[in-house]
Amino acid sequence: MTDNTQRPASGQNSTPELPTQYTPAEVEGQLYERWVERGYFEADAKSDKPAYTIVIPPPNVTGSLHLGHAFQHTLMDALTRRKRMQGYESLWLPGMDHAGIATQNKVEQQLAEEGKSRHDIGREAFVERVWQWKEEYGGRILGQMRRLGDGVDWSRERFTMDEGLSNAVQTIFKKLYDDGLIYRAERIINWCPRCLTAISDIEVDYQDDDGELVSLKYGEGEDTVVVATTRAETMLGDTAVAVHPDDERYRHLVGRRIKLPLTDRTIPVVADSHVDPAFGTGAVKVTPAHDPNDFAIGQRHNLESITVMDERGIITVHGPFQGLDRFEARSAIVGALREQGRIVAEKRPYVHSVGHCSRCSTTIEPRLSLQWWVKVEPLARAAGDAVRDGRVTIHPKEMEKRYFDWVDNMHDWCISRQLWWGHRIPVWYGPDGQQVCVGPDEKPPAGEGWTQDSDVLDTWFSSGLWPFSTLGWPDRTADLEKFYPTDVLLTGHDIIFFWVARMMMFGLYAMDGVVPFHTIALTGLVRDEFGKKMSKSNPNSVDPLDWMDAYGSDAVRFTLATGANPGADVPIGEDWVKASRNFANKIWNATRFALMNGASVEGPLPEPEKLSATDRWILSRLNRVVAEVDAYYEDYQFAKLSDALYHFAWDEVFDWYVELSKTTFLKGGEGAQVSGRVLGEVLDVMLRLLHPVIPFVTETLWTTLTGKESVVVADWPKDSGFRDPAAEAEIGEVQRVVTEVRRFRSDQGLQPGQRVPARLTLDGTLLAPHEDAIRQLLRLQPEGEGFNATATLPVAGAVVALDLSGTIDVAAERKRLAKDLAVAEKEKADTTRKLGNEAFLAKAPEPVVAKIRTRLATAEADIARITAQIAALPEA
RNA sequence: GGGCGUGUAGCUCAGCGGUAGAGCGCCGCCCUUACAAGGCGGAUGUCGGCGGUUCGAAACCGUCCACGCCCA
């Protein structure tokens, strides 16, 4: 096809070639590559313009674009594109995180297919393999972001494992270590027996599983106690039974030792006020090595911790259960206890909440383990305070509570992972138990016996540095000076704890208390058209690329933007994407029509005195919409702004302005020229307003309309302040008449295109100047010889008399009028009742009362008019 | 168990103190020379239930019911 974005620069009067249908798939890719080639998205740190910065919440290197990304990217793109147009040095910085567990899993799978494990090839070779994997398969999402139209600065693309970012990781680790905010401790952590690593609290997904609750009798003779558990296998590691100190039932047992079944051990009964006497029997078994609460009890009572499983969840305790995995052991142990008559109650299924690894869904095993931790209290407090004192705003505000609940109750963060892919912990251990943390510029201790910690850091440890590590920190780079703090962090509300809180903590800490962004804009989740959650495991999951190919990226983007109510979930369905595609096509054709009728952006807009009321009306509306859209942008109201533009474009510009102007264009001459200039202005502004949301179609149309280089670098429209309420009222009357008569025509069964002779009596009304347009819109012919008004429609002070050449459908007309009369009478009754209410008159504000009075007057006039019409109707 | 949120047209959602709205879907007529991915017209709601506050409640308060989410 011809390249329809090109237009001869001198060809002001040549009719640009636009096909009758917009075919996005053919042009979007080229447009995007051109934008990138021209460097529109590359930000200049030396620019004098004020900076506007958004760093992308780094997607996972193993991932691909899903609708959630498409959604958030659309919004970030809209924000940065608008600011660029407003004259900011706009930077949207892309990149990915290295996704420690996920990526390592991918490569381990590859190795497994070759019959190898990572241990077979060794750490160094393994890490090399991961880099190879990344080169080959990683970052699929980056290409998909181009397809979506993301206006990111590719020259600044970052990856958390890059040298610079790794340097940042090591720097902050050392700083935290030196400040005593990183420490090593043995605690219960969330252990994934499949990934073979610790994971943090937020990487655990809880779900209700069918389990079993068995009540076990511990002890012998009189010294017995019944405890309930869902994890019978851990009883091998029990080192106490705990009861509440005030619990009379067990007071006699406290301090005594009882026999632990299936073992040759005895365990103490301890009193601990954290035990809930109302739950179960009020006595609980205590396994400090396999349960966080039990660990806490163990600490308080100096209990021994006995680990009964290995890292894969296999029982290691000598005896009949050794070698069984934890679930096999559970039933074996319950069986053995049953034989001994120690099972006093069983509840099966017992639905309870069980933690699963968010990466592989394996049931988490709480495990006692030596790990590295971040002491979060001071960091989290600072992160909370930044929001409390208003330096950072959360949109929508209702989400603040969730943020505070998190940062104010945050547990220390386990940051070490038993993986090979990631930032290795920069701590070295000496032959005599020394421990040295090494900064990026320092050499590790030399000599015999020094070894580096074998663990790597949680991926989020590096992602948390993203807003400044990507800009060059710890160096005071020009980028950092120019673009930090960033402006907005936009992400899903489900991710507050992952990105938001961590970036806040690290940003404030590393950047001397300067917040990483002043605004946190939180979105909901994308759902299917029935409001059901979309997930990879659900069949309702949609690949946004399929929709982009079928309907264009603009259509997907517009649909998502239109659904973006602050903080609320966004449902999306194919029908809605189609509707957005239709909108794009509508804009396409309207612009095409405009260009065929001499729409122009040349020269200044004529003075208001030279404009028709129709022109002044649309310009007045246009400027109101500019102001409205700006206000919505400032409040992150993407649904509202998209909706406002949709309705302005379609319901006002296309359905009325263009239609009303057709007669002017047909007549030609100066009037047509003026309207062409106005139409050009309206489209020019409208396309620029729409561009951040639907960049592709607007680019093609705007460059064709204006002959300029690109709307990407066009100026954002400004409200000129022009308002013309009189013209707005006048066109409102025109719309009323046209709609009324159309209704009549439709009720009378007239075909839409059928010409009808009519006499218009418009003298003394606002409609007088619009007779031609009204006749055009209503397909009314001039009254000819022998005109015979068979229907007379009084509306808006005017009279439209029609000659339907013969009898009209009196029944239809009577029905229509009866309906109108009923509406008017109800209105009269409602308003009369209000005005008859003393309390209302006394207490309601004057404008409200006045409004009701006007409504009553209108209703009465309508009733009189309609009644007269009905009376004038011939007998059926 | 604790906290938060939501129940408005067939579906998905706006509206959050003064005449119940949108998109999609539905019904009827129409290829009116920009667009059938379109035009014109139309129908559709005890605004979850009950109680209260108010001159006035979809909106505010209480309560119940039903869903959803987060945390434990």
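Every chain is numbered from 1, with letters handed out A, B, ... down the list of sequences.
Counting any heavy atom pair closer than 4.0 Å across all strands shown, A:A579 reaches sugar-phosphate atoms only and no base atom. Residue contacts shown for A:D830 are absent, as no nucleic acid heavy atom lies under 4.0 Å away. Counting non-hydrogen atoms under 4.0 angstrom, A:D655 reaches the backbone sugars and phosphates but no base. Counting any heavy atom pair closer than 4.0 Å across all strands shown, A:H493 reaches no nucleic acid atom. Counting any heavy atom pair closer than 4.0 Å across all strands shown, A:E659 reaches a base atom.
Whole-Å rounding puts the A:R581 CZ to B:rA36 P distance at 12 Å. Between the NZ atom of A:K843 and the P atom of B:rC55 there is a distance of 3 Å, rounded to whole Å. For the pair A:E846 CD and B:rG56 P, the interatomic distance rounds to 19 Å; values are reported in whole Å. Between the CG atom of A:N585 and the C1' atom of B:rA34 there is a distance of 10 Å, rounded to whole Å. Atom CZ of A:R743 is separated from atom C1' of B:rG41 by 9 Å (rounded to the nearest Å). Note: NZ (A:K578) to P (B:rU12) measures 19 Å, nearest angstrom. In this structure, CZ of A:R745 is placed 10 Å from C1' of B:rU32, rounded to the nearest angstrom. If you measure from atom CZ of A:R592 to atom P of B:rG38, you get 14 Å, rounded to the nearest angstrom.
Salt bridge present: A:R743 and A:D820 bring a charged side-chain N and a carboxylate O closer than 4.0 Å. Using a cutoff of 4.0 Å between basic side-chain nitrogens and carboxylate oxygens, A:E771 and A:R775 are scored as salt-bridged. Ion pairing between A:R745 and A:E740 fails under the 4.0 Å rule for side-chain N and carboxylate O.
Remark: A:Q751 is in phosphate contact with B:rC30, judged by side-chain N or O atoms under 4.0 Å from OP1 or OP2. Between A:N582 and B:rG38 there is a side-chain polar atom (N or O) within less than 4.0 angstrom of OP1 or OP2. Here A:W650 reaches the OP1 or OP2 of B:rG39: one of its side-chain N or O atoms lies under 4.0 Å away. For B:rU19, the OP1/OP2 oxygens have no side-chain nitrogen or oxygen of A:K826 closer than 4.0 Å. Contact annotation: A:K819 reaches the phosphate of B:rA43 (side-chain N/O to OP1 or OP2, under 4.0 Å).
B:rA22 is paired with B:rU12 under the criterion used here, namely a Watson-Crick or G-U wobble arrangement in which both key atom distances are under 3.5 Å. B:rC40 and B:rG28 make up a base pair, with Watson-Crick or G-U wobble contacts both under 3.5 Å. B:rC69 and B:rG3 make up a base pair, with Watson-Crick or G-U wobble contacts both under 3.5 Å. Pair assignment for B:rU54: none, as no Watson-Crick or G-U wobble contacts are both less than 3.5 Å. Applying the Watson-Crick and G-U wobble criteria (two distances, each under 3.5 Å), B:rU63 pairs with B:rG49. When both pairing distances are held under 3.5 Å, B:rU33 makes no Watson-Crick or G-U pair with any nucleotide shown.
Counting distance only, with no hydrogens placed and no angle test, the side-chain atoms of A:Q21 and the base atoms of B:rA34 include no donor-acceptor pair under 3.5 Å. One N or O donor and one acceptor, one from the side chain of A:K586 and one from the base of B:rC35, sit under 3.5 Å apart.
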Should A:D408 and A:R388 be marked as a salt bridge (Lys or Arg N to Asp or Glu O under 4.0 Å) after you check the CA-CA gap, both sets of side-chain angles, and the distance that decides it?
CA-CA 11 Å; A:D408 294 344; A:R388 270 184 282 269; 3.1 Å; yes

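Using atom C1' as the reference point in both B:rC24 and B:rU44, the two lie 14 Å apart (nearest Å).
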Name the atoms and distances for all side-chain donor-acceptor pairs under 3.5 Å in residues 837-848 of chain A, with sequence neighbours left out.
| unit_1 | atom_1 | unit_2 | atom_2 | d |
| --- | --- | --- | --- | --- |
| A:N837 | OD1 | A:A839 | N | 3.0 |
| A:N837 | OD1 | A:F840 | N | 3.3 |

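The residue from A:T562, A:L75, A:V577, A:T74 that alone fulfils the side-chain contact (heavy atoms from CB on, under 4.5 Å) condition with A:R557 is A:T74.
Ring-centre distance between A:W413 and A:W460: not below the 6.0 Å cut-off.
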